[in-house]
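Just the heavy atoms: all of them, side chains too, but no hydrogens, waters or symmetry mates, feed the values below. Throughout, a chain's letter reflects where its sequence line sits, starting with A, and its residues are numbered from 1.
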Amino acid sequence: MNMLHTLRVALRALLRNKMRSFLTTLGMIIGVMAVIVAVAIGEGAKAKVEEAFAAMGSNLLIVMPGSTSTGGARGGSGSQPTLTWDDMRAISDEVPSVRYVAPVLRSQAQVMSEDQNWTTSIQGTSPEYFLIRSWGVARGATIQQSDIEAGAKVVVVGQTVVDKLFGANSDPIGQVVRIKNVPFQVIGVLTKKGQSAMGQDYDDAVYVPYTTFGAKVQGGLKNYLNGILYIGANSNTDTARAETQITNLLRDRHHVQGTEDDFFIRNLTELANSQQEGTKTMTTLLNVIAAVSLLVGGIGIMNIMLVSVTERTREIGLRMAVGAKPRNILMQFLVEAMTLSTLGGMLGLLLGVIGSRVLASSLGWATLVRPDIVVAAVAFSAIVGIGFGLYPAYKASRLDPIDALRYE
Amino acid sequence: MPSLISLADVRKVYKMGDVEVHALRGVSMTVEAGEFIAVMGSSGSGKSTLMNIVGCLDRPTLGEYLLDGREVSRMDRNALAEIRNRTLGFVFQSFNLLSRTSAVENVELPLLYQGVATKERVKRSVEALERVGLAQRLDHHPAQLSGGQQQRVAIARAIVGRPKVILADEPTGNLDSKTSVEVMALFQALGKEGITVVLVTHESDIADYAARVVVMRDGHVLSDKRQTPKDAALAVATMPSPDAEVSV
């Protein structure tokens, strides 16, 4: 007896009781739908976190000056600049897993255009900064190496600052703004980056060459770097190695003895990973719920298959009388259970995808329907059908043909 | 040449709790190819048990059963299914057709388990239905057919696999007298084609159409007589009825 015919017989038997078949598959429908939506939410949350960290910078490490202790009194983080310009050059030259190093010197100050003013974050940095943060300009250019060397009075502004000083949709390239009464020429407008995960506006800042910053905005110490270092590692997998290598290098250079370093390194990739752990917990929870509903769906299928076997006892007897072997009967009911669960699975898949889309648009999330999950969901629903259909089908195949034919 | 059916001291004992029920207490008989034999007896006489054993639906507790030269009494379920499929055809009192399934699809059932290809299957099923006079009813469902027509679908199903023996268990039990005789005419015609028919009935006027009558009582063969059968086709012709549509 071929498979195609078995399938046809199964479909006909299921269509004979449309309502019953539908209600039976409902368990599978809900189960598979839950799986699809759960995974989509999980993936969406993951993508959201990844996006947030990518906005900060890819493969980013931040080196911050640490505390110094004087006579037992510890000054706290950043209480004293401990990083030197030589440290920066050493990291850049000596650490192989590091691609970019950029100093970030920060100050809060008022920026004035001809008729407006706006207090914002003034940051002195180098061209590498924009590479680390993969941040380009919407207009003009970013800070160049020549600007650093010349100590040029040029500024690259964020979109928010442009809006406040010049109005939206204006082109400020070439205009002059004053920072602490020093005129700076606007050479570039950065693309809009939006908010950080914490709600901080990335676009509310202006960037000047760090040499100019030291000379005109906030006088620093000659050898010490009065800010932090942004480090771009070679790759995502290199961040941990870069962290160790920089730690060793700086310890060596600062002659750190004991365990307390005078600097901090923040590994944002690690931070991102720990954030992902949170979303994993949520996904696991949703998956457990989905698994339970699949289990309930499977039990529903087993129940209805047992009813079906009882109802069709005479048919089973007749089929046996005309030559059906036990395995033919087993196959017939297994295929029927599998058809039921797989149809439920596919319907659940459809509803799950629709549900994910609806969720995506209402939450503003990029919920992702992964193709491997789609395949797994349908395959799993077929397995549930086989698993829970096995007992009723076995029961049918073991019937005695005489009793089955006589069954009323 | 050995007999088609050969039973030697066949016994069947059922255990009902602690009580042993002796349904067959040593039955020996042979049936030759092409015979039309009626098995009679009251209920509890063992005729149904005998029928089940001859039909390979059940196995004897003791004794030998040679069907078409093969010892079948110790075969397993799969082998028995194979024998039923290829050597035997069944006709039941309650027709046992699959509901909401067309006549052709009912008839092709044995071929399905033989693994006959679709085209050949349909061709042979249609031929079998034509043989029983239902060429016009191929796509009808059992609910759209009269009792006699349903039983003829069942007979078509029994002959489609080209069996050597047809086992009919009270085939006329649910039919009116005219239709019953029509069905008997069909069996007689099949007998002429060399198919052995074993018929279980408790109506003696139905047994009149068989060439041999075996009477059972208390698990024994009480009598085994040959007779000149009544011609069913002739009987149909003389019976008054508006719908004489069988041509055999």
Using a 6.0 Å cut-off, check whether atom [atom1] of [X] has over 12 heavy atoms from anything other than its own residue.
X	atom1	result
B:Arg70	CZ	no
B:Tyr65	OH	yes
A:Met331	CE	no

So what's closer than 4.5 Å to chain A heavy atoms on B:Glu108: side chain, backbone, both or neither?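 Only the side chain of B:Glu108 comes within 4.5 Å of chain A.
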Is B:Leu57 close to chain A through its backbone or its side chain, or both, or neither, when contacts mean heavy atoms under 4.5 Å?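 When you check distances to chain A, atoms from both the backbone and side chain of B:Leu57 fall under 4.5 Å.
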Contact check, side chains of [X] and [Y], non-hydrogen atoms, under 4.5 Å:
X	Y	value
B:Leu88	A:Val322	no
B:Thr118	A:His5	no
B:Arg77	A:Arg327	no
B:Met51	A:Ile402	no

Distance in Å, A:Glu315 CD paired with B:Ser99 OG, rounded so as to fall on 0.5 Å steps: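 A:Glu315 CD to B:Ser99 OG: 8.0 Å, rounded to 0.5 Å.
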Roughly how far, to the nearest 0.5 Å, is CG of B:Leu112 from OG1 of A:Thr6?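 Answer rounded to 0.5 Å: 7.5 Å.
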Please report the shortest heavy-atom distance between [X] and [Y], naming the atom on each side.
X	Y	result
B:Tyr113	A:Gly323	CB-O, 3.8 Å
B:Ser94	A:Arg314	OG-NH2, 2.6 Å
B:Ala81	A:Ala324	CB-O, 3.8 Å
A:Ala321	B:Phe90	O-CE1, 3.3 Å

Pick one of side chain, backbone, both or neither for A:Arg398, based on which atoms fall under 4.5 Å of a heavy atom in chain B.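 When you check distances to chain B, atoms from both the backbone and side chain of A:Arg398 fall under 4.5 Å.
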Relative to chain B, which segment of A:Arg16 carries a heavy atom at a distance below 4.5 Å: side chain, backbone, both, or neither?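 Both parts, backbone and side chain.
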Identify which of B:Arg86, B:Arg84, B:Arg157 forms the greatest number of heavy-atom pairs closer than 4.5 Å to chain A.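 So the answer, after comparing B:Arg86, B:Arg84, B:Arg157, is B:Arg84.
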May I ask you to decide if A:Lys325's main-chain N or O and B:Asn78's side chain share a donor-acceptor pair within less than 3.5 Å?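 Here the side-chain-to-backbone pair does not exist.
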When you look at B:Leu109 and A:Leu318, which way does the side chain to side chain contact (heavy atoms under 4.5 Å, CB included) test go after all the steps? CA-CA 10 Å; B:Leu109 221 47; A:Leu318 184 268; 3.5 Å; yes
